[in-house]
Amino acid sequence: MDGDDKFIIEGLGGKRTLTGEIKVSGSKNDTLPAMAATLLYQNAVTLTNVPEISDIRSMKALLEKLGAKVEEGGRGRLRVTAGGKIGSVFDTDIAKHFRGSIILLGPVLARTGQAIFPHPGGCVIGERPIDLFLSGLEKLGATVQENGKTYLLRAPRGLRGGEIFFKHQSVTATETLMMAAVLAKGKTVLKNSAPEPEVIALGEFLIKTGAKIKGLGTSTIEITGRAGKLLSAKNPSRAIIPDRIEAGSFVILGALVGQNLKISHLDPKHLESLLNLLTEMGVKLKVSSNAVTVLDRAEALKPLALRTHEFPGFPTDLQAPMAVLLTQASGRSTIFETIFEGRLGYLETLKMMGAQATVYNPHQASIEGPTPLHREEVTSPDLRAGLAYILAGAVASGRTVVHNSHYVERGYEKIETKLQAVGLKIEKK
Ligand code: EPU
């Protein structure tokens with residue numbers, strides 16, 4: 001990060017010419033908990049299909065600072081050994097810039113009886129409190145002390161099972177509590193837990209390697225704890241699932257500026273809500289067991305009432321990319337962001353590029369289309385808005401500059417190479 005890292009995109013001026021194939025990488029939001037879960041194992045855990053992106057490098061550095069050994073085997077292979085002595089203090093500089101660090105809380109506390117960490121930072125997309133983590137771990141017997149911006153959680157005699165009702169469905173809170181409960185004593189019940197594919201992938205691997213977990217994918221997950229005994233299956237290893245948000249972002253790109261653009265190495269079952277909406281708008285798709293091809297689309301796309309929702313509803317992480325497509329639909333679309341309260345700010349930038357958008361409050365907006373977009377010099381405020389600006393730059397006329405490329409690189413592996421290969425003129429400077 002040199003302070004002026006950027007993408008430069010030569011826009012297609014509305015032409016739909018991107019064609020070929022884009023392969024989706026492993027999921028960021030599956031890799032992060034998979035890496036945290038390695039703290040639950042006596043022996044080394046191997047992960048494959050790990051994306052090479054900066055959030056994963058941050059998690060690797062955090063694990064190493066805690067005392068784990070992390071070996072990179074090339075081509076997305078990672079081997080983590082964490083059965084020895086593990087520390088309790090999160091590296092402040094890394095954790096405070098990286099929200100995903102919070103996933104380590106459950107495993108570290110369960111492993112060491114203590115966790116000391118700063119309030120986690122990350123993308124600025126809303127308040128992003130951590131109350132569900134703290135109250136959940138208290139229910140498992142931890143004490144919580146807050147000292148300025150540092151938290152101290154203690155459970156010197158180990159965690160014990162308990163019943164937790166999450167007042168909001170939270171992906172990472174469900175994941176970290178599930179991991180903590182695996183090492184707790186007795187039974188834990190997580191109610192109103194998150195049903196996202198990443199939670200299921202984590203839980204299935206824990207089950208396969210000896211944990212007792214029931215109810216994955218439903219709102220009630222039941223875990224029978226091991227009273228501190230680490231998991232020790234023979235050669236535990238697993239492949240990270242495809243990144244459904246990267247996949248969805250590129251399918252939207254295809255609807256904007258593609259023709260016969262194939263997005264492969266994905267799981268279409270993770271994208272049902274997006275694919276249904278695109279079909280409703282007039283985008284012609286071919287769906288196979290592991291790929292989606294954007295064949296073509298109607299000249300006049302239909303507008304939508306878009307509402308984000310927990311899985312299997314429309315993911316909040318695709319809300320900004322989808323808004324770019326809505327600028328090209330004929331008529332008035334509405335957006336209702338139900339998960340986060342700070343995720344509509346990018347619309348001001350799209351307006352500078354020619355979009356006709358109105359933001360009513362932190363959750364609701366509308367877009368009138370179609371409007372041609374034009375070149376602009378813009379700055380990413382977060383990962384998914386940054387990706388939306390790349391999409392907007394692709395459909396716009398002229399040369400768009402997207403500053404803060406490092407935000408996009410938190411979650412999209414080699415994006416400029418992937419997009420160049422299907423015909424977009426994009427470079428990173
Ligand atoms: N919430 C609380 N208290 C908490 C935790 C969450 O009130 O202690 C609220 C949040 O403010 C929000 C709602 O619960 O309103 C849901 O947030 P959630 O906790 O599910 O989000 P997260 O676990 O922090 C994960 C992904 C996000 C994705 C959301 C929603 C990871 C590492 N991150 O975040 O991904 O947007 O779920 O699906 O899995 C991204 O990849 O760009 C990204 C932000």
Side-chain angles (χ1 to χ4, degrees), residues 25-37 51 53-56 58-59 62 95 98-106 117 119-139 144 146 151 153 164-179 190 192-202 219 240-241 243-249 270 273-274 308-321 336-343 346 362-363 380-388 406-413:
S25 299
S27 156
K28 164 175 87 72
N29 293 346
D30 184 28
T31 309
L32 294 172
M35 290 174 78
I53 49 174
S54 58
D55 269 13
I56 302 308
S58 300
M59 184 56 110
L62 269 177
F98 165 49
R99 168 84 186 183
S101 58
I102 192 81
I103 302 177
L104 281 168
L105 190 52
F117 64 101
H119 192 90
C123 285
V124 187
I125 55 175
E127 287 175 24
R128 306 201 83 180
I130 62 166
D131 55 318
L132 298 177
F133 297 78
L134 301 180
S135 60
L137 289 164
E138 275 180 323
K139 287 264 167 63
V144 177
E146 196 182 333
Y151 298 87
L153 267 67
I164 295 164
F165 184 90
F166 294 115
K167 70 177 178 210
H168 302 292
Q169 279 186 9
S170 162
V171 177
T172 47
T174 303
E175 289 165 346
T176 209
L177 264 304
M178 183 159 81
M179 291 189 271
L190 305 178
N192 200 24
S193 57
E196 266 66 8
E198 296 78 14
V199 177
I200 297 179
L202 170 68
S219 61
I240 296 301
I241 63 174
D243 195 309
R244 63 192 167 97
I245 304 302
E246 188 200 6
S249 305
H270 296 166
S273 123
L274 170 68
T308 64
H309 197 277
E310 288 84 3
F311 190 82
F314 191 87
T316 171
D317 292 340
L318 287 178
Q319 183 255 111
F336 187 5
E337 168 56 60
T338 69
I339 314 279
F340 293 112
E341 61 293 291
R343 242 185 177 181
Y346 70 89
H363 291 279
S380 290
D382 71 72
L383 164 57
R384 307 301 172 188
L387 189 280
H406 61 272
Y407 269 123
V408 176
E409 288 162 326
R410 293 180 84 136
Y412 292 86
E413 184 180 42

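Residue indices begin at 1 and follow the sequence shown. Order of listing sets the numbers, starting from 1, for every ligand and every atom in it.
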J.: If hydrogens are left out, which of Val171, Thr174, Asp317 has an atom nearest to atom 37 (O) of ligand 1, that is, the closest non-hydrogen atom?
T.: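 When every heavy atom of Val171, Thr174, Asp317 is considered, Val171 comes closest to atom 37 (O) of ligand 1.
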
J.: Which of the numbered atoms in ligand 1 are under 4.0 angstrom from any heavy atom belonging to Arg99?
T.: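 Those of ligand 1 that fall under 4.0 Å from Arg99 are 5 (C), 24 (O).
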
J.: Can you name the side chain to side chain contact (heavy atoms under 4.5 Å, CB included) partners of Ser273, sequence neighbours left out?
T.: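 Side chain to side chain contact (heavy atoms under 4.5 Å, CB included) check on Ser273 returns Phe314, Pro315.
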
J.: Between atom CD1 of Ile240 and atom CE of Met35, what is the distance when rounded to the nearest 0.5 Å?
T.: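 Separation between the atoms: 9.0 Å.
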
J.: Using a 4.0 Å cut-off to any heavy atom of Lys28, which atoms of ligand 1 qualify?
T.: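 Ligand 1 atoms under the 4.0 Å threshold to Lys28: 40 (C), 41 (O).
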
J.: In a table with atom names and distances, give each donor-acceptor pair under 3.5 Å that connects a side chain of residues 165-172 to protein atoms at least two apart or in another chain.
T.:
unit_1	atom_1	unit_2	atom_2	d
Lys167	NZ	Asp131	OD2	2.7
Gln169	NE2	Asn192	OD1	3.2
Ser170	OG	Ala173	N	3.1

J.: Suppose I only count heavy atoms of Gln169 and a 4.0 Å limit; which atoms of ligand 1 are within that range?
T.: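 So the answer, numbered in order with elements, is 16 (C), 20 (O).
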
J.: Are any of the N/O atoms in Lys167 less than 3.5 Å from those in ligand 1?
T.: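 There is no such contact.
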
J.: I need the minimum non-hydrogen distance between Ser101 and Ala95, along with the two atoms involved.
T.: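 It is OG-O, 3.4 Å.
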
J.: Counting C-beta onward and ignoring hydrogens, is there a side-chain heavy-atom pair between Arg343 and Thr308 closer than 4.5 Å?
T.: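 Counting from C-beta outward, Arg343 and Thr308 never come under 4.5 Å.
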
J.: N/O to N/O below 3.5 Å, does that happen between Ile103 and ligand 1?
T.: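 No: no nitrogen or oxygen of Ile103 is under 3.5 Å from one in ligand 1.
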
J.: Can you tell which part of Asp131 has a heavy atom less than 4.0 Å from ligand 1: side chain, backbone, both or neither?
T.: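 Looking at Asp131 and ligand 1, atoms from backbone and side chain both fall under 4.0 Å.
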
J.: Counting each atom of ligand 1 from 1 as listed, which ones have a heavy atom of Arg343 under 4.0 Å away?
T.: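 Ligand 1 atoms under the 4.0 Å threshold to Arg343: 36 (O), 42 (O), 44 (C).
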
J.: Hey, is Asp382 touching ligand 1 through its side chain, its backbone, both or neither, going by heavy atoms under 4.0 Å?
T.: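 No part of Asp382 is near ligand 1 at this cut-off.
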
J.: Can you check whether Phe98 reaches Leu62 side chain to side chain, under 4.5 Å on heavy atoms?
T.: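 The answer is yes, as the side chains (C-beta and beyond) meet within the 4.5 Å cut-off.
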
J.: Run the salt bridge (Lys or Arg N to Asp or Glu O under 4.0 Å) check on Glu246 and Lys28 step by step: do they pass?
T.: CA-CA 9 Å; Glu246 188 200 6; Lys28 164 175 87 72; over 6 Å; no

J.: Going by the order shown, which atoms of ligand 1 are within less than 4.0 Å of some heavy atom of Ile130?
T.: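 So the answer, numbered in order with elements, is 8 (O).
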
J.: For atom 5 (C) of ligand 1, which of the options Ala385, Ala194, Gly386, Pro129 provides the nearest non-hydrogen atom?
T.: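 Answer by nearest heavy atom: Pro129.
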
J.: Any non-hydrogen side-chain atom of Phe336 less than 4.5 Å from a side-chain atom of Gln319?
T.: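 No - every pair of side-chain heavy atoms lies 4.5 Å or more apart.
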
J.: Report, in ascending order of atom number, the atoms of ligand 1 lying under 4.0 Å from any heavy atom of Leu383.
T.: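 Listed by number with element, the hits are 42 (O).
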
J.: When you compare the side chain of Leu177 with that of Lys139, does any pair of heavy atoms fall below 4.5 Å?
T.: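 Side-chain contact under 4.5 Å: no.
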
J.: Backbone or side chain, does any N or O of Thr172 fall under 3.5 Å from an N or O of ligand 1?
T.: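 Looking only at distances, the answer is yes, because the N/O contact criterion of under 3.5 Å is met.
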
J.: Which of the numbered atoms in ligand 1 are under 4.0 angstrom from any heavy atom belonging to Arg384?
T.: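 Answer, ordered by atom number: 40 (C), 41 (O), 42 (O).
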
J.: Are Glu175 and Ile102 close enough that some pair of their side-chain heavy atoms sits under 4.5 Å apart?
T.: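 Glu175 vs Ile102: side chains apart.
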
J.: So if I count the atoms of ligand 1 from 1 in the order they appear, which ones are less than 4.0 Å from some heavy atom of His168?
T.: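 With His168 as reference, the close atoms of ligand 1 come out as 2 (C), 7 (O), 14 (O).
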
J.: Please indicate whether any nitrogen or oxygen in Ile339 is less than 3.5 Å from any nitrogen or oxygen in ligand 1.
T.: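 By distance alone, the answer is yes.
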
